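The shown structure was predicted, so the numbers you read here are calculated from the model rather than taken from an experiment.
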Amino acid sequence: MHTDAIAFAAYGAPDVLEPAATDVPDPGPGQVRIRVHATTVNPLDLKLRSGAMAAFMPLDLPHVPGLELAGTVEATGPGVRGLAPGAAVFGAASHTYAGLALADARRLAPIPQGMDRHHAAVLPVAAEAAWRALEELDLGASQMLLVHGAAGAVGTLAVQFALARGARVIGTASAAGLTHLTGLGAAATTYGDGLAERVRALAPGGVDKALDTSGADVLRDSVDLTGSPDHVLTLADPVAARAHGVRFSSGGGTDDRTAEALAAVGALHENATLTQRIHGVLPLSQAARAHRIAEAGHLDGKIILTP
């Protein structure tokens, strides 16, 4: 089935993103075809478009970006249960800068009652990364977790998931993000010189685990604070991870935790404790502008694209 999309036929600056028509086939076994109502701009979208990941993740060009969505089920393939045409869903998918997209039914969930599609669309990728990281860290109740980049999309959900487990949390962020973190229920401090001392002042009993979502050269301090590289995980800096002996988690394949993460998001929403920020909403036709805004940084949430 033909659908309008945004694609890039060559690597480069945001302006390589152009309108395109693409075919979305009928769903196969375990698949769902979705009418996309909202998708988002993720950091990986920018890296793939620029060519920064070409050596590690070569693409067949032209390529339609996009990693997550909220929308309506149009058709289901053999073996799909619990998702019928007309159902409002959110989850992870590929090539979502389009009017239609295919997704694995196992990476979708019904949008919780009372959640709008824009807020649903910003959750799947960040929630999966945050949930996967806490699982790999084996974070337990009553432990103290340090989250770097805690005011970002992934960090915000990691804080909420950790608190829901009964853990205590210290989040690091820029000065502008501190109020957001304390509003979530975390202790908070800024990046920069003296970070370790500020964290020790907030956690006299020590830090049990540390999660880096920022890639802001915080792994050495994190190892010192937790006492072991085994207690530190980064989602952002594989090079520094190797240098400091800590774990790097990239997800994908059998490590994908989307189903668990969407269930955890639903539980937070049901308990009225879910918070996730949106920087802005743009039509899909302005995807190049959205990428320029994202590359400029200083976002206070994700950018949503609406076909």
Participant: I'd like to check the ring pair (Phe, Tyr, Trp, His ring centres under 6.0 Å) partners of H63; sequence neighbours left out, ordered by chain and number.
Facilitator: F8, H95
Participant: Roughly how far, to the nearest 0.5 Å, is NE2 of H118 from CD of Q276?
Facilitator: 15.0 Å
Participant: Are V159 and V232 connected in the hydrophobic side-chain network, where two residues link if heavy atoms are under 4.5 Å apart?
Facilitator: no
Participant: State, yes or no, whether a side-chain contact exists between L59 and Y11 at a heavy-atom distance under 4.5 Å.
Facilitator: yes
Participant: Within the structure provided, determine whether T96 and L67 are in side-chain contact (heavy-atom separation under 4.5 Å).
Facilitator: no
Participant: Extract all donor-acceptor atom pairs below 3.5 Å that involve side chains of residues 203-213 and protein atoms in other chains or at least two apart in sequence.
Facilitator:
{"unit_1": "D208", "atom_1": "OD2", "unit_2": "M144", "atom_2": "N", "d": "2.7"}
{"unit_1": "K209", "atom_1": "NZ", "unit_2": "L137", "atom_2": "O", "d": "2.6"}
{"unit_1": "K209", "atom_1": "NZ", "unit_2": "D138", "atom_2": "O", "d": "3.2"}
{"unit_1": "D212", "atom_1": "OD1", "unit_2": "S214", "atom_2": "N", "d": "2.8"}
{"unit_1": "D212", "atom_1": "OD1", "unit_2": "S214", "atom_2": "OG", "d": "2.9"}
{"unit_1": "D212", "atom_1": "OD1", "unit_2": "G215", "atom_2": "N", "d": "3.0"}
{"unit_1": "D212", "atom_1": "OD2", "unit_2": "G215", "atom_2": "N", "d": "3.4"}
{"unit_1": "D212", "atom_1": "OD2", "unit_2": "T234", "atom_2": "OG1", "d": "2.8"}
{"unit_1": "T213", "atom_1": "OG1", "unit_2": "H148", "atom_2": "O", "d": "2.7"}
{"unit_1": "T213", "atom_1": "OG1", "unit_2": "G149", "atom_2": "O", "d": "3.2"}

Participant: List the steps, then state whether side-chain contact (heavy atoms from CB on, under 4.5 Å) holds for L274 with M115.
Facilitator: CA-CA 10 Å; L274 177 65; M115 181 185 292; 3.6 Å; yes
Participant: Any chance you could lay out the side-chain contact (heavy atoms from CB on, under 4.5 Å) test for E18 and I6, step after step, and finish with the verdict?
Facilitator: CA-CA 5 Å; E18 296 183 333; I6 294 292; over 6 Å; no
Participant: What donor-acceptor contacts under 3.5 angstrom involve side-chain atoms of residues 237-248, with partners at least two apart or in another chain?
Facilitator:
{"unit_1": "D237", "atom_1": "OD1", "unit_2": "A240", "atom_2": "N", "d": "3.0"}
{"unit_1": "R247", "atom_1": "NH1", "unit_2": "E136", "atom_2": "O", "d": "2.5"}
{"unit_1": "R247", "atom_1": "NH2", "unit_2": "D230", "atom_2": "O", "d": "2.7"}

Participant: Measure the spacing between NE2 of H2 and OG1 of T22 and express it to the nearest 0.5 Å.
Facilitator: 9.5 Å
Participant: Among T258, N42, T39, which one satisfies side-chain hydrogen bond (donor to acceptor under 3.5 Å, both in side chains) with E68?
Facilitator: N42
Participant: Salt bridge or not between R165 and E135? Use side-chain N to carboxylate O under 4.0 Å.
Facilitator: yes
Participant: Using only heavy-atom distances, determine whether the side chains of R277 and T156 contain a donor-acceptor pair under 3.5 Å.
Facilitator: no
Participant: Rounded to the nearest 0.5 Å, how far apart are NE2 of H279 and CD1 of I304?
Facilitator: 11.5 Å
Participant: Which other residues end up in the same hydrophobic cluster as V89, if Ile, Leu, Val, Met, Phe, Trp and Tyr are linked when side-chain heavy atoms come under 4.5 Å apart?
Facilitator: V32, I34, V36, L69, V73, V80, L83, L108
Participant: What are the two closest non-hydrogen atoms of L46 and A294, and how far apart are they?
Facilitator: CD1-CB, 3.8 Å
Participant: Could you state whether I170 and L233 fall into the same hydrophobic cluster, counting links through intermediate Ile, Leu, Val, Met, Phe, Trp or Tyr residues with side-chain heavy atoms under 4.5 angstrom apart?
Facilitator: no
Participant: Does R117 have any side-chain contact (heavy atoms from CB on, under 4.5 Å) partners at least two apart in sequence or in another chain, and if so, which?
Facilitator: H37, A70, T72, I111
Participant: Around atom CG of D217, are there more than 12 heavy atoms from other residues, nucleotides or ligands closer than 6.0 Å?
Facilitator: no
Participant: Show the nearest heavy-atom pair for residues S222 and L146, with the distance to one decimal.
Facilitator: OG-CD2, 4.4 Å
Participant: So P307 and D4, do their side chains get closer than 4.5 Å, heavy atoms only?
Facilitator: no
Participant: Is the shortest heavy-atom distance from the side chain of K302 to the side chain of V125 under 4.5 Å?
Facilitator: yes
Participant: Are V154 and L262 connected into the same hydrophobic cluster when the rule is that any two of I, L, V, M, F, W, Y join if their side-chain heavy atoms are below 4.5 Å apart?
Facilitator: yes
Participant: Taking all atoms of both residues into account, what is the closest heavy-atom pair of L305 and A290, and its distance?
Facilitator: CD2-CB, 3.8 Å
Participant: State, with a plain yes or no, whether a side-chain heavy atom of E74 is found less than 4.5 Å away from one of M1.
Facilitator: yes
Participant: What's the shortest heavy-atom distance between R132 and S249, and which atoms?
Facilitator: NH1-OG, 2.6 Å
Participant: Between atom CD1 of I278 and atom CG of L299, what is the distance when rounded to the nearest 0.5 Å?
Facilitator: 12.5 Å
Participant: Nearest 0.5 angstrom please: S50 OG to H291 NE2, how far?
Facilitator: 10.0 Å
Participant: Atom CD1 of I293 and atom NE2 of H298: how far apart are they, to the nearest 0.5 Å?
Facilitator: 13.5 Å
Participant: Consider only side-chain heavy atoms of I, L, V, M, F, W and Y, link residues closer than 4.5 Å, and tell whether V16 and L44 are in one cluster.
Facilitator: yes
Participant: So, for L235 and A129, which heavy atoms are closest and what is the spacing to 0.1 Å?
Facilitator: CD1-O, 3.8 Å
Participant: Decide yes or no for L145 and L134: does some side-chain heavy atom of the first lie under 4.5 Å from some side-chain heavy atom of the second?
Facilitator: yes
Participant: Taking the side chain from E260 and the backbone from R257, do they hold a donor-acceptor pair closer than 3.5 Å?
Facilitator: no
Participant: I'd like to know if L181 and L139 are part of one continuous hydrophobic network [Ile/Leu/Val/Met/Phe/Trp/Tyr, side-chain heavy atoms within less than 4.5 Å].
Facilitator: yes
Participant: Using modelled atom types only, decide if a donor and an acceptor are shared between the side chain of R49 and the backbone of G12 within a distance under 3.5 Å.
Facilitator: yes
Participant: As a quick check of understanding, evaluate side-chain contact (heavy atoms from CB on, under 4.5 Å) for Y97 and L284, giving each step before the final call.
Facilitator: CA-CA 7 Å; Y97 285 26; L284 182 60; 3.8 Å; yes
Participant: Sequence neighbours left out, what pairs pass side chain to side chain donor-acceptor pair (under 3.5 Å) with at least one residue falling in residues 184-194?
Facilitator: T189-R198
Participant: Using a 4.5 Å cut-off on heavy atoms from C-beta on, say whether the side chain of T273 contacts that of Q160.
Facilitator: no
Participant: Do you know which two heavy atoms are closest between L268 and A164, and how far apart they sit?
Facilitator: CD2-CB, 4.0 Å
Participant: Check whether any side-chain heavy atom of D221 sits under 4.5 Å from a side-chain heavy atom of V199, and report yes or no.
Facilitator: no
Participant: Determine whether L123 and L157 satisfy the following criterion, side-chain contact (heavy atoms from CB on, under 4.5 Å), listing intermediate values before the conclusion.
Facilitator: CA-CA 9 Å; L123 291 166; L157 285 166; 4.1 Å; yes
Participant: For the CD atom on E270, are there more than 12 heavy atoms of other groups (residues, nucleotides or ligands in this structure) within a distance under 6.0 Å?
Facilitator: no
